[in-house]
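Working notes for the structure below.
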Amino acid sequence: MRVAIVPGSFDPITSGHLDIIRRAAIVFDKVVVGVSKKIPKNTLFSADERKAMVEKALTGMNNVDVEIFDSLLVEFARRHDAHAVVRGLRAVSDFEHEFQMAQLNRELDSKIETMFVMASPKYAYLSSSAVKEIAEYSGSVKGLVPDVVETALAAKFPSMKGGR
Ligand code: ADP
């Protein structure tokens with residue numbers, strides 16, 4: 001059984017993240033989405049809220065689980081007997097950070113491979129922070145995020161276009 005971890009902050013999950021998770025779930029037998037609890041930046045949503053939105057967005061994907069983790073990524077991967085960590089790559093600007101993380105994780109555990117999935121062109125410009133900024137300044141995030149996230153953003157930013 002080939003298991004992959006797809007880690008991230010998912011604050012909130014976007015259509016770009018979903019695309020990466022879906023594609024990882026085609027290649028691997030099982031995918032565990034790791035929602036990182038502790039991240040350097042302040043999050044808009046709590047870890048529990050972020051996890052609940054990921055779960056809802058992944059409804060019907062039977063080989064994908066979602067879990068909050070608060071440990072080193074390699075430890076989380078070992079706990080799940082994962083062979084790989086899958087990350088999405090958008091532009092060259094993602095590369096430096098991802099390269100550093102992959103090398104560090106290899107240093108910590110050489111048995112866990114980091115693999116990259118290229119962002120689909122239609123989501124290559126999409127990020128959680130852009131989505132939050134659009135919502136905050138009353139724009140529409142329709143299609144950029146799953147419906148559950150659109151509803152959650154509308155609750156945080158009542159002036160958002162299409163907000164309920
Ligand atoms: P982190 O804070 O760990 O970077 P994110 O939740 O922002 O977590 O992103 C998780 C992963 O998803 C990263 O590998 C990131 O490059 C990737 N990702 C984010 N947005 C997109 C997108 N629009 N298309 C493809 N991959 C993406």
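When a ligand or atom number is given, it counts from 1 through the structure's own listing order. Side chains are part of it too, since the values below use all heavy atoms of this structure and drop only hydrogens, waters and symmetry mates.
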- Query: Judged by atom type as modelled, is there a donor-acceptor pair below 3.5 Å linking the side chain of Asp29 to the main-chain atoms of Val3?
  - Reply: no
- Task: Would you indicate which of Arg23, Arg50, Met101, Arg90 comes nearest to atom 21 (C) of ligand 1 when only heavy atoms are counted?
- Result: Arg90
- Task: Measure the acute angle between the ring planes of Phe95 and Phe99, then classify it against the limits of 30° and 60° as parallel, tilted or perpendicular.
- Result: parallel
- Message: Any salt bridge linking Glu55 with Lys51? Criterion: basic side-chain nitrogen under 4.0 Å from a carboxylate oxygen.
- Response: yes
- What protein heavy atom sits nearest atom 1 (P) of ligand 1, and how far off is it? Ser9 OG, 3.5 Å
- The single option from Arg50, Glu150, Lys132 that satisfies side-chain contact (heavy atoms from CB on, under 4.5 Å) with Pro12 is Lys132
- Message: Quick check on Pro7 - does any of its heavy atoms sit under 4.0 Å from an atom of ligand 1?
- Response: yes
- Look at the side chain of Asp11 and the backbone N and O of Phe45, then say whether any donor-acceptor pair between them is shorter than 3.5 Å. yes
- Can you measure from CD1 (Ile134) to OG (Ser129) and round to the nearest 0.5 angstrom? 10.0 Å
- Item | For Gly16, atoms of ligand 1 separated by under 4.0 Å from a heavy atom | 22 (C), 23 (N), 24 (N), 25 (C)
- Can you label the angle between the Phe10 ring and the His17 ring as parallel, tilted or perpendicular, going by 30° and 60°? perpendicular
- Note on the structure: for atom 19 (C) of ligand 1, nearest protein heavy atom and its distance come out as His17 NE2, 3.3 Å
- Task: Report the member of Arg87, Lys122, Met118 with the shortest heavy-atom distance to atom 4 (O) of ligand 1.
- Result: Arg87
- Note on the structure: the protein heavy atom lying closest to atom 24 (N) of ligand 1 turns out to be Ala119 CB, 3.5 Å
- Item | For ligand 1, the portion of Leu126 having any non-hydrogen atom under 4.0 Å away | both
- Give the residue and atom name of whichever protein heavy atom lies nearest to atom 15 (C) of ligand 1, and the separation in Å to one decimal. Gly88 O, 3.7 Å
- Task: Using a strict 4.0 Å cut-off to heavy atoms of Gly8, name the atoms of ligand 1 that fall inside it.
- Result: 3 (O), 6 (O), 8 (O), 10 (C)
- d(Arg78 CZ, Lys111 NZ) to nearest 0.5 Å is 7.5 Å
- Check if His97 has a non-hydrogen atom at a distance under 4.0 Å from any atom of ligand 1. no
- Closest to atom 6 (O) of ligand 1 (heavy atoms only, candidates Phe10, Tyr123, Phe116) is Phe10
- Message: Whether the Arg23 and Ser120 side chains hold a donor-acceptor pair (N or O, under 3.5 Å, no angle test) is what I'd like checked.
- Response: yes
- Message: Using a 4.0 Å cut-off to any heavy atom of Ile20, which atoms of ligand 1 qualify?
- Response: 25 (C), 26 (N)
